[in-house]
Structures are given as structure tokens and as C-alpha cells.
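No experiment lies behind these values; they were computed from the predicted model shown. First the proteins, then the strands, lettered A, B, ... as listed; each starts at 1. Scope of the values below: all heavy atoms of this structure, side chains included, with no hydrogens, waters or symmetry mates.
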Amino acid sequence: MTLYPVLYHSNMSEFNTPTQRIIAAATLISQGAEAKVYKAELHPPAISGSTSDEGYESEPVLIKHRFNKQYRHPTLDASLTKSRVAGEARAINKCLRAGVNVPGVRMVDLQEGVLGIQWIDGQSIRFLLGGGAEGEEEVEEVDDDGFEEDATESNEDSLKEYNITQDDTMQLIGKEIAKMHKADIIHGDLTTSNMMLRRPSASDQVPELVLIDFGLSYTSSLVEDKAVDLYVLERAFASTHPASESLFGTVMKAYEKEAGKEWKTIGRRLDDVRLRGRKRSMIG
Amino acid sequence: MQSYDYPHFPDYASNFHFALFTNVSNAADLRNRLVQASTMQGEEGEAERQAVDFAFIEATLICSSLHLRSAILNSVLSQSQGTLRTKTVHSEILWNLNPTNNISDAIRRYGVSPSTTSLIVVRIGPPSPPSTIQAQMQEVVSGTLSPISELKNITDWAKVRKYHKIGQKMDKDPIKDTQKAHEIVLSTVAMKSVVV
């Protein structure tokens with residue numbers, strides 16, 4: 001199956017830049033207020049020559065396009081978009097270097113507000129825990145060798161397909177977040193939709209937990225920021241997955257184990273945050 | 001040699017070709033020829049520049065064809081946006097491969113040097129028959145034309161890691177360790193336009 005539609009150079013003239021043409025040929029996956037997300041093919045296969053050295057040839061990419069906002073002044077819009085795309089790319093790079101599982105960067109076009117990242121073949125934790133598809137998972141699912149899943153009867157069965165128990169999945173989550181916090185990266189939007197299990201390549205292999213969407217991330221070494229990050233996740237768990245206290249408990253235990261002595265202060269601060277909410281100061 | 005047609009690239013740069021040469025014997029001469037070609041005057045100079053209008057890349061520093069293609073993609077994007085940092089789209093590939101912002105460093109590290117024995121030659125341009133391009137490449141490089149799949153035996157990971165400052169081990173498993181290092185290299189090249 002080729003994802004890359006046959007396009008002729010002359011037909012492409014209405015799109016001015018290479019990046020616009022990549023988007024024009026891509027498949028829209030979902031749209032939010034800030035960006036549109038596409039599945040695209042960045043590197044078409046060779047037209048002649050020996051077959052290449054890696055399996056990356058046919059790997060699609062995920063394109064996140066922060067489109068123009070009509071409601072903002074163009075100059076402000078351009079500079080905000082630029083700094084957000086750059087910020088997201090920087091956070092991903094920092095995570096990679098810290099050994100956190102995140103999708104790698106494949107292209108950046110600051111002028112167009114485009115970030116291309118590695119395509120993760122898998123599903124969101126939200127979906128796997130039976131929190132219902134967000135709509136986007138259904139679309140992604142169609143690509144997986146004609147196999148479609150009913151969003152209503154998911155959880156236990158889909159986890160089995162990944163060869164992992166619910167408990168182990170929660171441990172992977174805790175460990176990955178702790179690794180990220182150790183590198184002083186704050187995700188900013190930790191929810192079960194922003195975590196994915198990557199489909200394991202061999203049947204005996206353990207799936208990887210991948211953190212996605214660093215659009216709201218920033219760098220900070222403050223205990224407060226890390227505690228708030230965890231608090232946001234706790235609330236996300238509670239609101240999307242009913243009766244999930246024990247699940248979140250497992251996440252926290254794995255976090256504690258990975259974080260080591262840092263946990264003492266973060267854990268204590270998390271208790272404070274729970275009492276007051278994520279905004280530290282109410283003085284406006 | 002590999003040839004590619006990217007329909008989203010502008011016509012003047014929609015095709016590119018790259019070839020891996022091993023056992024290269026004329027690296028020092030090639031380097032001198034490039035330096036001289038850049039300063040030659042008149043029609044003779046034009047002809048000479050045409051003859052060596054390629055990117056010559058130290059193959060031991062390239063991890064995969066995707067690594068190289070990411071650098072080419074960035075170079076063509078910059079060319080089409082008029083934001084080239086170097087003089088040509090070919091030298092821009094070297095700049096894109098190098099993790100720092102210093103152009104002469106990029107050329108010294110990733111370009112051809114007298115000690116080069118494995119070389120990747122790249123041509124970006126309008127569509128043209130692969131056989132012609134290959135003949136032009138073989139005209140300037142004396143070495144064995146090898147399949148790009150040979151690259152995995154050529155990559156000098158110690159040097160790649162040094163230039164990309166990947167000091168620590170990324171994973172206990174050596175295969176995964178290299179995979180993760182490769183991912184860092186790919187991402188660094190892809191986000192070259194973002195100052196880290």
C-alpha cells in the first residue's frame with residue numbers, strides 16, 4: 001500500500017511552498033483550535049537504485065500544522081507560532097537526550113508553523129483504558145491492516161494485544177514521567193490521551209510507552225511545577241477513567257521508584273497542591 | 001546510486017541522486033579541485049564548477065539514508081524560501097548535517113578531507129536521467145561505487161556520538177543504544193532551523 005499519492009509537478013502550482021504541498025497531499029487526522037494534525041509521507045521511495053538500508057523508507061510522519069490565526073495580528077501570530085513550534089521541537093530533543101520515549105523530530109518549518117514528527121504505530125492510553133476514543137483514534141485505526149475496533153468494547157482486550165497488563169502499563173507511565181521530570185522537563189498537559197503504547201515489533205517484546213504532544217511543555221527544575229504536572233494527570237485520570245484511584249496509585253509508585261530521593265519533596269508538594277488546586281496564588 | 005523524485009519540491013530541485021563510493025583514492029586531489037574551482041575565472045571556471053557541482057560528504061559520519069535525506073530536505077526547503085545560510089544548496093547539506101552553527105566547522109567535518117576513503121556524492125537538481133548523473137559522479141571520484149546498504153558497515157558511531165555530544169549510554173542493549181543515538185541524530189538534523 002502506498003500512502004503517497006501520485007502527484008504531478010504541474011498540478012501542484014496552486015500550492016506555493018514545498019511544505020504547503022506536503023500538507024496538501026497529506027491526510028487530515030484531527031483539528032484543534034491551535035493546530036491541524038496530518039499523516040503524511042515526507043520521503044517518497046527511490047525511483048531508481050538499490051533498495052535502501054533501513055525500514056524507515058516507508059515510515060509516515062505526523063505533521064502538526066499551527067495554521068494562521070485570523071483573530072491575531074499577523075506579526076504577533078507569526079512570532080507566537082514560531083516560538084511554539086521551536087519550543088516543542090526543543091522539548092522533544094531534550095527528552096530524547098534524557099532517554100525519555102518520545103516521537104523524534106522529522107522536519108521543522110518555522111515560517112509555515114509546521115512540525116513533523118515520527119509516526120507512532122499504536123494507541124493512546126485513554127483508548128486502551130476504555131476512556132472512549134477521542135475521535136482521532138478511530139481514524140488512526142483504519143490504517144492498521146484493515147482492522148477496525150469498536151471504541152465501546154476496548155480496554156482489557158486491546159491491552160492483551162500489546163502483550164501487557166494494566167498494572168505494567170501504569171508502571172511504564174510512572175517511570176517515563178519520572179525520567180522526564182529528572183531532566184527538568186515539564187509536560188504541561190499530562191493526560192491519558194497524551195500517552196501512547198507503541199505496538200511491539202516482535203511478539204515477545206514489551207511495548208514502549210511514548211509521551212506525546214509537548215505543545216505546552218517548558219523547562220523548570222521547581223518542585224512546584226513537577227507536582228502540578230502530576231496533579232494535572234491525577235485529575236485527568238479521575239475525570240476520564242472512573243474508579244481509577246488504584247491505577248493512579250500504581251503510576252505514583254513507579255514514579256517514586258524512578259525519581260529516588262527527589263520524590264520526598266515532590267510528593268509532599270503534591271499533597272499541598274491537592275488541597276489548593278494547581279494555581280499557587282489566587283491574587284490577581 | 002539512488003535517485004529520488006520529490007513532487008513537493010520546486011521543479012529546479014525536484015530530483016536528487018546520491019551515491020556511496022568506497023576505497024576512494026583521490027580525496028586530497030578532489031578537495032584541492034573544489035577549492036580551486038571556486039576561485040577560477042571566466043568560462044573555464046564555469047565549466048569546472050559545473051563538473052564538480054555536487055555535495056561531497058564524509059560517509060563515515062552518515063548514519064542512514066534517512067539521515068542524509070533529512071539534511072537534503074532541509075536544504076531544499078531553505079533554498080525555496082531564500083534562506084540558505086551557505087552559498088549553494090549542496091554546501092547547505094553539510095551545514096544541515098553539522099549540529100553547531102559554524103560553517104567552516106561543518107565543511108571541515110562533513111566535507112571531503114585528504115583522509116577520506118568513503119564518500120557520499122549528492123546532486124540536487126531538475127529531473128535528469130540517473131545514468132548521466134552517475135557518469136558525471138564517476139568522472140570526478142575514483143573509487144568503488146557501492147550500494148547504500150553498505151553504509152551500516154561504514155558509519156563511525158564513536159565520531160558521530162562525539163560530534164552530537166551523545167556521551168552517555170542510552171540503553172543497556174547495544175542495538176537499542178545505537179537506535180536511540182540514531183534518533184537523536186535524526187531529530188537534531190531535522191530541527192536544524194531551531195537554535196537549540
Side-chain angles (χ1 to χ4, degrees), chain A residues 4-13 15-25 40-54 56-57 59 61 82 85-90 92-97 99 101-112 115-118, chain B residues 1-11 13-15 17-20 63-67 69-70 72-74 76-77 79-81 83 127 129-131 134 146-152 164-166 168-171 180-196:
Chain A
Y4 207 81
V6 181
L7 293 164
Y8 298 98
H9 298 271
S10 55
N11 291 351
M12 300 299 268
S13 52
F15 304 105
N16 301 318
T17 70
T19 306
Q20 283 170 9
R21 296 179 200 186
I22 291 170
I23 293 174
E41 198 85 340
L42 212 51
H43 297 288
I47 49 171
S48 84
S50 52
T51 47
S52 196
D53 52 326
E54 353 100 18
Y56 289 100
E57 281 300 320
E59 190 190 65
V61 293
K82 247 184 203 177
V85 173
E88 195 166 348
R90 273 190 210 110
I92 289 175
N93 194 280
K94 221 175 161 211
C95 280
L96 284 174
R97 285 178 178 273
N101 290 329
V102 293
V105 183
R106 290 289 178 268
M107 82 168 270
V108 175
D109 188 334
L110 293 176
Q111 282 184 21
E112 304 272 350
L115 178 70
I117 58 172
Q118 190 187 8
Chain B
M1 187 182 73
Q2 309 276 112
S3 298
Y4 295 91
D5 176 38
Y6 277 42
H8 39 272
F9 284 178
D11 288 342
S14 68
N15 279 29
H17 315 263
F18 58 79
L20 172 66
C63 309
S64 63
S65 65
L66 186 61
H67 179 200
R69 288 163 80 185
S70 300
I72 294 173
L73 173 74
N74 275 355
V76 177
L77 282 181
Q79 189 186 24
S80 70
Q81 291 174 340
T83 53
S131 53
Q134 188 171 320
S146 308
I148 198 73
S149 53
E150 272 295 298
L151 195 57
K152 61 178 180 295
H164 282 269
K165 297 198 173 72
I166 310 169
Q168 79 283 28
K169 263 218 159 344
M170 302 300 297
D171 205 290
K180 287 188 177 175
H182 182 218
E183 191 51 64
I184 294 175
V185 172
L186 281 181
S187 294
T188 309
V189 170
M191 58 182 282
K192 181 70 193 179
S193 56
V194 179
V195 184
V196 180

Under 4.5 Å heavy-atom distance to chain A, tell me which part of B:S193 shows up: side chain, backbone, both or neither.
both
Would A:I92 and B:M191 satisfy side chain to side chain contact (heavy atoms under 4.5 Å, CB included), going step by step from the backbone distance to the final call?
CA-CA 10 Å; A:I92 289 175; B:M191 58 182 282; over 6 Å; no
Can you give me the closest heavy-atom contact between B:E183 and A:G104, atom names plus distance?
OE2-CA, 3.2 Å
Measure from the side-chain N and O atoms of B:Q168 to the backbone N and O of A:R97, and report whether any donor-acceptor pair falls under 3.5 Å.
yes
What distance do B:L73 atom CG and A:R106 atom CZ have between them, rounded to the nearest 0.5 Å?
11.5 Å
Might you work through the side chain to side chain contact (heavy atoms under 4.5 Å, CB included) test for A:L42 and B:R69, ending with a clear yes or no?
CA-CA 10 Å; A:L42 212 51; B:R69 288 163 80 185; over 6 Å; no
Shorter than 4.5 Å, heavy atoms on both sides: which option in A:K94, A:Q111, A:K82 has the most such pairs with chain B?
A:Q111
Side chains of B:L77 and A:M107 in contact at under 4.5 Å (non-hydrogen atoms):
yes
Any A:P18 side-chain heavy atom under 4.5 Å of B:Q81 side chain:
no
Minimum-distance pair of heavy atoms, taken over all atoms of B:K180 and A:N101
NZ-OD1, 4.2 Å
Might you work through the side chain to side chain contact (heavy atoms under 4.5 Å, CB included) test for A:I23 and B:H8, ending with a clear yes or no?
CA-CA 9 Å; A:I23 293 174; B:H8 39 272; over 6 Å; no
Cut-off 4.5 Å, heavy atoms of chain A, and the answer for B:H164 is both
Option among A:L110, A:V85, A:V105 that satisfies the side chain to side chain contact (heavy atoms under 4.5 Å, CB included) test with B:V194:
A:L110
Ignoring hydrogens, what is the shortest heavy-atom contact between A:P44 and B:Y4? Give both atom names and the distance.
O-CD2, 3.6 Å
Closest approach of A:R21 and B:F9, non-hydrogen atoms and distance?
NH1-O, 3.4 Å
